[in-house]
Amino acid sequence: MQRLEFEMFANEILSRLPTKCVGRLRCVSKQWRYELSSHLFAIIHYRRTAKYVDHKLITLTKSSIDLHNLISGKVDISSKKNISFPVDTCLSNLTILASECGLLLISIHWLPNELILWNPTTNQFKNLCDKKPKDFFDFNTDAVGIYIDSSNDVKILLLQRRMDDIVPRVYSRNTCEWKTLTFMKGPDLGLTLYWLSSESLCNNVLYFPSPHYWTPAKSYTIVFDVESETFSKVSIPQSTDVIDP
């Protein structure tokens, strides 16, 4: 009962405090650190404070990771702040694949190939690989997306293409475990997937455009419903009209 009361206190009161204050409060006790580090508190805190603070822009280059303030949709160059990546690797090996609620999904696309879930604010991270790195994620063929379900659990969808098969897997930040889903059945689904575009999240649905190089009419988009965890396929509209600039 006492823990439940403190959890309510944290989610309803402490979640309204600025990020720096929350960071200091984590040092009060083990219980405070545990509750204020939970993924549920992080989501509630982000949603409440996002309305009142300036949005941030992270830029990744071969030599640095920089954080900028966004004021009225414009980058404040004078606010530039260099931040460090918590994993020992060359920055040229990093690619930002997706983001949600201040969390970044990062690919280290060199040996080993890895997926990193990173919070730039706290610099905490989680290596999502659960197999040998070379078998887990292929930057050139696999696709990933990040979303939050109805229970406020941060989840990662990974579509692994192995030979001619697609293996969909979902990672839960709440349980820290992967589970395998069932993909669609159909001829040549594995052969015609080209991950040229990252996922787009809209109305609890992830979209993965899958263009067909040689036959544009065969292009389609993979659709994933985050609540039912089911897949479907929609065609990409074709147009032969040329619009002059």
Side-chain angles (χ1 to χ4, degrees), residues 7-26 32-60 65-71 73 75 79 81 83-87 94-107 114-128 143-159 169-179 197-208 224-229:
E7 182 180 353
M8 294 176 61
F9 169 69
N11 294 339
E12 294 299 325
I13 305 299
L14 300 184
S15 63
R16 304 176 191 275
L17 297 176
T19 303
K20 289 185 178 179
C21 292
V22 173
R24 296 190 187 102
L25 291 176
R26 288 195 180 106
W32 283 56
R33 182 175 182 82
Y34 175 81
E35 295 293 348
L36 300 183
S37 300
S38 70
H39 77 280
L40 177 59
F41 177 83
I43 293 171
I44 294 175
H45 181 261
Y46 173 83
R47 289 176 173 173
R48 283 184 171 159
T49 58
K51 309 176 185 179
Y52 308 107
V53 299
D54 293 329
H55 293 286
K56 306 292 183 180
L57 173 69
I58 287 183
T59 57
L60 171 62
I65 303 177
D66 299 318
L67 184 68
H68 305 267
N69 289 332
L70 286 178
I71 302 178
V75 178
S79 67
K81 177 183 177 182
I83 57 179
S84 59
F85 189 64
V87 179
L94 302 181
T95 297
I96 299 176
L97 301 175
S99 65
E100 184 68 23
C101 287
L103 298 175
L104 298 181
L105 189 59
I106 306 287
S107 165
E114 294 179 332
L115 280 179
I116 305 294
L117 185 62
W118 178 40
N119 186 336
T121 302
T122 63
N123 213 31
Q124 294 181 332
F125 73 98
K126 175 72 173 180
N127 190 328
L128 303 181
V144 293
I146 183 171
Y147 62 93
I148 298 176
D149 66 11
S150 58
S151 65
N152 282 327
D153 187 8
V154 177
K155 291 187 173 180
I156 310 296
L157 173 65
L158 170 61
L159 300 182
R169 306 179 68 207
V170 170
Y171 175 85
S172 166
R173 191 182 179 206
N174 187 18
T175 63
C176 296
E177 294 179 348
W178 287 93
K179 70 175 181 179
S197 301
S198 58
E199 53 83 17
S200 298
L201 177 64
C202 181
N203 295 328
N204 292 327
V205 176
L206 287 172
Y207 297 90
F208 296 90
F224 177 73
D225 187 301
V226 303
E227 295 301 333
S228 63
E229 295 188 334

Exercise for the section: Check whether any side-chain heavy atom of Cys176 sits under 4.5 Å from a side-chain heavy atom of Tyr171, and report yes or no. Expected result: yes
Exercise for the section: Might you work through the side chain to side chain contact (heavy atoms under 4.5 Å, CB included) test for Val226 and Asn204, ending with a clear yes or no? Expected result: CA-CA 6 Å; Val226 303; Asn204 292 327; 3.6 Å; yes
Exercise for the section: Would you check, one step at a time, whether the test side chain to side chain contact (heavy atoms under 4.5 Å, CB included) holds for Val75 with Thr59? Expected result: CA-CA 11 Å; Val75 178; Thr59 57; over 6 Å; no
Exercise for the section: Please examine the side chains of Leu158 and Leu128, heavy atoms only from C-beta on, and report whether any two atoms are closer than 4.5 Å. Expected result: no
Fill in the blank from the handout: Scanning both residues in full, the closest heavy-atom pair of Gly145 with Phe208 reads N-CZ, 4.2 Å
Handout entry: Side chain to side chain, Leu97 and Leu115, heavy atoms closer than 4.5 Å
Key = yes
Exercise for the section: Compare all side-chain heavy atoms of Ile83 with those of Asn123 and state whether any distance is below 4.5 angstrom. Expected result: no
Exercise for the section: Show your reasoning for whether side-chain hydrogen bond (donor to acceptor under 3.5 Å, both in side chains) applies to Ser172 and Asn174. Expected result: CA-CA 5 Å; Ser172 166; Asn174 187 18; 5.2 Å; no
Exercise for the section: Give, for atom CD1 of Ile58 and atom CG of Leu67, the distance between the pair rounded to the nearest 0.5 Å. Expected result: 5.5 Å
Handout entry: Leu201 side chain reached by Glu100 side chain, heavy atoms, under 4.5 Å
Key = yes
Handout entry: Close side-chain approach of Ile148 and Cys101, heavy atoms under 4.5 Å
Key = yes
Handout entry: For the student: nearest non-hydrogen atoms of Asn119 and Leu103, plus distance
Key = CB-CD2, 3.7 Å
Practice task
Would you check if Thr122 and Arg26 make a side-chain contact, meaning some heavy-atom pair closer than 4.5 Å?
Solution key: yes
Practice task
For Trp178 and Arg169, work out which heavy atoms get closest and say how close.
Solution key: CB-NH2, 3.2 Å
Practice task
Apply the test side chain to side chain contact (heavy atoms under 4.5 Å, CB included) to residues Ile146 and Leu117: give CA-CA distance (whole Å), side-chain angles for both, the deciding distance (0.1 Å), then the verdict.
Solution key: CA-CA 10 Å; Ile146 183 171; Leu117 185 62; 3.9 Å; yes
Completion exercise
Taking every heavy atom of Gly102 against every heavy atom of Pro120, the minimum-distance pair comes out as O-CD, 3.3 Å
Handout entry: Straight-line distance of Glu114 CD to Leu94 CG, nearest 0.5 Å
Key = 10.5 Å
Exercise for the section: Rounded to the nearest 0.5 Å, what's the gap from CG on Leu104 to OG1 on Thr121? Could you check? Expected result: 9.0 Å
Practice task
Using the six-membered ring wherever Trp is involved, compare the ring planes of Phe85 and Trp118 and label them parallel, tilted or perpendicular (cut-offs 30° and 60°).
Solution key: perpendicular
Completion exercise
Tightest non-hydrogen contact, residues His68 and Asp66, listed as NE2-CB, 3.7 Å
Exercise for the section: Any chance you could measure Glu227, atom CD, to Asp149, atom CG, to the nearest 0.5 Å? Expected result: 6.0 Å
